[in-house]
Amino acid sequence: MSLWGRLFFVSIAIASAQTAAPGQNDYRFPNSQVLATQQKVANYDHPLRKVVSGGEQKDIKYTFLGSKLLQAGYPSEQATIDLPPLPLHNWNEAHIHLYKHSGTHSIRNTTRTSYLEMVDVWHHRNIDYLEFVKIEVLQQDRLQVVTHPDFDAPVLIKIASFPWEMLSLQREATVYSLLHGSGTTPEFLGYVTEGGRVIGFITEYITEVPSIRGRNMRGCLAALRSLHQRGIAHGDAHDGNCLIRKDGSAVLIDFELSVETWSHEEFERDLDVIGRCIQELSGNPY
């Protein structure tokens, strides 16, 4: 089994790793742009997701950065770490080792690995990640506002930067399929691919108007009840996961923790969370 596969199974037993936030190390390659990094997972090296460029050719590749210095928490503060240029051969996974005393690097084990991907694809549209034009990053690499010639307005893409994030996105895409046409979610517009592998999805991008949001928070409660009528518990039903369109309609987002169930306990938990949020925002009981 590849290292990606082992990492995936390790992640089942630990909390999902989050992509690196500002303040962590800046890893620089002469011919690559780092898209996402994560802290060391279990006993494995630091994973990096990057786009490697060579003339007009661009490819997404993954590397694991190994070093006893990094394992010991070095550097203790944010630092820029310069790394060697990456080859443009037919590989998508490599391991880079930093040598403590000489400050040199070595690239080891460049291989072609089959990564996890989303299954049960139900929408006809697939667009490669590198075809999008980035407008705004909402979560590093994972959640972005982008443009593409297929769409007249900016859209939102949500991707699994690393394989241990795939299960939650698969669950979310499944919920979108179950709710398709219900009006309780943003419009699902297709899938994001990476070299043919499905790694995420595309949805309508909703820009909220604060004055409208304040007047229609109860629409969030109605959307949640509609979800329950279809046998789905949201699992994270706070007010930040409900968006209000300019026309005043409310939609729910972020279904990574959602489950298919008819459990009244699960439904009541959802309603309690959103109800307390509405009460805090309005000052009135829901």
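H228 and D270 share a donor-acceptor pair across their side chains, judged by distance under 3.5 Å alone. Between the side chains of S226 and R230, at least one donor N or O sits under 3.5 Å from an acceptor N or O.
Of the charged side-chain nitrogens involved, none lies within less than 4.0 Å of a carboxylate oxygen, so that R276 and E280 do not count as a salt-bridged pair. Under the 4.0 Å criterion applied to side-chain N and carboxylate O atoms, E204 and R245 are assigned as salt-bridge partners. The pair K61-E194 does not count as a salt bridge, with every side-chain nitrogen at least 4.0 angstrom from each carboxylate oxygen.
In H180, the NE2 atom is not crowded: 12 or fewer heavy atoms of neighbouring residues, nucleotides or ligands sit closer than 6.0 Å. Atom CD of Q57 sits in a crowded spot, with more than 12 heavy atoms from other residues, nucleotides or ligands closer than 6.0 Å. A 6.0 Å sphere centred on CZ of R28 holds no more than 12 heavy atoms belonging to other residues, nucleotides or ligands.
Checking L156, I206, I202 one by one against P186, the side-chain contact (heavy atoms from CB on, under 4.5 Å) holds for a single residue, I206.
Taking hydrophobic clusters as Ile, Leu, Val, Met, Phe, Trp and Tyr residues chained together by side-chain heavy-atom distances below 4.5 Å, F201 does not share a cluster with L143. There is no path of hydrophobic side-chain contacts, each under 4.5 Å, that joins I274 to F267. Both Y62 and L130 sit in one connected hydrophobic cluster of ILVMFWY residues. Membership requires side-chain heavy atoms under 4.5 Å apart, directly or through other members. Tracing side-chain contacts under 4.5 Å through hydrophobic residues (I, L, V, M, F, W, Y), one never reaches V137 starting from V146; they form parts of separate clusters. The hydrophobic cluster containing F151 does not contain V145, counting ILVMFWY residues as joined when their side-chain heavy atoms lie under 4.5 angstrom apart, directly or transitively.
When every heavy atom of Y205 is checked against every heavy atom of E136, the shortest pair comes out as OH-OE1, 4.1 Å. Nearest heavy atom pair, residue I60 against residue R49, reads CG2-NE, 3.9 Å. Nearest approach of M118 to A173, heavy atoms of both residues: CE-CB, 3.4 Å. Considering all non-hydrogen atoms of both residues, T113 and E93 come closest at OG1-OE1, 3.3 Å. Heavy atoms only, all atoms of each residue included: L48 and T37 are closest at CD2-CG2, 3.3 Å. Across all non-hydrogen atoms, the minimal contact from R218 to I278 is CA-CD1, 4.4 Å.
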Test side-chain contact (heavy atoms from CB on, under 4.5 Å) on T111 and W91; report intermediate values, then the result. CA-CA 5 Å; T111 59; W91 64 275; 5.9 Å; no
May I have the step-by-step check of side-chain contact (heavy atoms from CB on, under 4.5 Å) for F162 and D141, ending in yes or no? CA-CA 10 Å; F162 298 100; D141 194 44; over 6 Å; no
Run the side-chain contact (heavy atoms from CB on, under 4.5 Å) check on I253 and T185 step by step: do they pass? CA-CA 6 Å; I253 60 170; T185 72; over 6 Å; no
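Summarising the geometry, atom CD1 belonging to I157 is positioned 9.5 Å from atom CD1 belonging to I127; distances are rounded to the nearest 0.5 Å. The CD atom of E266 sits 11.5 Å away from atom CG of L271, with the distance rounded to the nearest 0.5 Å. Interatomic distance, OG of S258 versus CG of D236, reported as 8.5 Å (0.5 Å rounding). Taken to the nearest 0.5 Å, the CG atom of L138 stands 10.5 Å off from the CD1 atom of I135. Between atom CZ of residue F132 and atom NE2 of residue H148 there is a gap of 5.5 Å, rounded to the nearest 0.5 Å. Between the CG atom of N31 and the CG atom of L83 there is a distance of 11.0 Å, given to the nearest 0.5 Å.
Ring orientation note: the planes of F188 and Y191 are nearly perpendicular, at an angle over 60° on the 30°/60° scale.
Side-chain rings of W122 and Y176 stay apart, their centers remaining 6.0 Å or farther from each other.
Residues meeting the salt bridge (charged side-chain N to carboxylate O under 4.0 Å, His left out) test with E256, sequence neighbours left out: R142, K158.
Within the 4.5 Å cutoff, no side-chain heavy atoms of L86 are placed close to those of P30.
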